[in-house]
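What you see is a predicted model, and the numbers here were worked out from it, not measured in a lab. These values consider heavy atoms only, across backbone and side chains, with no hydrogens, waters or symmetry-generated copies.
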Amino acid sequence: MNKNANENEEINTAPEADVKAEEEAKEAAPTVEELLEKISKLEAEAKELSDKYLRMAAEYDNFRRRSREEREAAYDAAVADTVGELLPIIDNLERAALYEDGEKVKEGLAITAKSIDSVFSALKIEVMGKKGEVFDPNFHNAVLHEENEEFGEGEITEVFQKGYKKGNKIIRFAMVKTAN
């Protein structure tokens with residue numbers, strides 16, 4: 001009978017355990033109202049995040065548009081400043097073209113060349129490639145080479161075309177002839 005008594009106890013305790021587990025599950029499980037409240041909070045949070053994203057995307061588009069406009073304005077201002085600096089040179093060339101006397105034209109061209117130097121100075125453009133400088137492939141383009149003991153090794157003996165740079169930007173390499 002011991003065997004039957006144990007079986008009865010197991011049978012009796014099993015329904016009690018199920019009832020206890022059900023009660024614990026009911027206490028732990030959220031109610032429908034709690035679930036609906038949680039859903040509405042999550043929906044509100046999702047809407048808020050979506051609004052933030054849309055605002056940020058619009059701000060980024062505005063930033064890109066403003067940046068493009070500022071870049072274009074800076075470019076236009078730089079072109080206008082440069083042309084403004086070049087206008088006196090154009091005026092000098094036009095005046096020199098009016099003269100028929102060769103000496104007057106030569107004099108006008110000399111004045112124009114000086115005004116070009118002053119414009120480049122105002123624009124902070126440096127001239128590169130002068131006779132006597134040491135050849136540097138970063139600034140000069142050697143198109144001819146000569147053996148001449150009067151000059152040092154790699155020294156520039158003749159400049160065919162001046163080079164120009166603005167800061168670290170090379171505008172044009174100097175075209176030169178080097179020695180030895």
Nearest-0.5 Å distance, [atom1] of residue [X] to [atom2] of residue [Y]:
X	Y	atom1	atom2	answer
Ser67	Glu72	OG	CD	11.0 Å
Asn138	Ile170	CG	CD1	7.5 Å
Thr112	Ile90	OG1	CD1	11.0 Å
Arg71	Asp76	CZ	CG	12.0 Å
Asn180	Glu146	CG	CD	8.0 Å
Leu42	Lys38	CG	NZ	7.0 Å

Next item on the list: Evaluate whether atom CZ of Phe160 has more than 12 neighbouring non-hydrogen atoms of other residues, nucleotides or ligands under 6.0 angstrom away.
Entry: yes
Check: Do other residues, nucleotides or ligands put more than 12 heavy atoms under 6.0 Å from Glu34 CD?
Finding: yes
Quick one: closest heavy-atom pair of [X] and [Y], and the distance?
X	Y	answer
Ser115	Asn92	OG-ND2, 3.6 Å
Thr178	Ala142	CG2-CB, 4.1 Å
Lys165	Gly167	CD-O, 3.7 Å
Lys162	Arg172	O-NH2, 2.8 Å
Gly129	Ala174	CA-CB, 3.8 Å

Is there side-chain contact between [X] and [Y], with heavy atoms separated by less than 4.5 Å?
X	Y	value
Val79	Val83	yes
Glu158	Lys131	no
Lys130	Ile156	no
Arg64	Asp61	yes
His140	Glu133	yes
Leu86	Val119	yes
Thr157	Asn148	no
Val143	Val176	no

Verify same cluster id: [X], [Y] (apolar side-chain graph, 4.5 Å):
X	Y	result
Ile171	Leu123	yes
Ile116	Leu109	yes
Met175	Val134	no

Check: Do you know which of Glu149, Glu147, Glu155 makes side chain to side chain contact (heavy atoms under 4.5 Å, CB included) with Phe151?
Finding: Glu155
Next item on the list: Determine whether the aromatic ring centres of Phe173 and Phe139 lie less than 6.0 Å apart.
Entry: no
Notebook entry, point to check: When you check the gap from the basic side-chain N to the acidic O, do Lys41 and Glu45 get nearer than 4.0 Å?
Noted result: no
Checklist line | Glu94 vs Leu98, side-chain contact (heavy atoms from CB on, under 4.5 Å): CA-CA, chis, key distance, verdict | finding: CA-CA 7 Å; Glu94 288 173 348; Leu98 296 176; over 6 Å; no
Next item on the list: Could you give me the CA-CA distance, side-chain angles and deciding distance for Glu69 and Arg65, then say whether salt bridge (Lys or Arg N to Asp or Glu O under 4.0 Å) is met?
Entry: CA-CA 6 Å; Glu69 288 171 357; Arg65 181 186 46 78; 3.5 Å; yes
Next item on the list: Look at the aromatic rings of Tyr164 and Phe120 and report parallel, tilted or perpendicular, splitting at 30° and 60°.
Entry: perpendicular
Note to self: Looking at Thr82 and Ala78, would you say the former's side chain and the latter's main chain have a donor-acceptor pair under 3.5 Å?
What the structure shows: yes
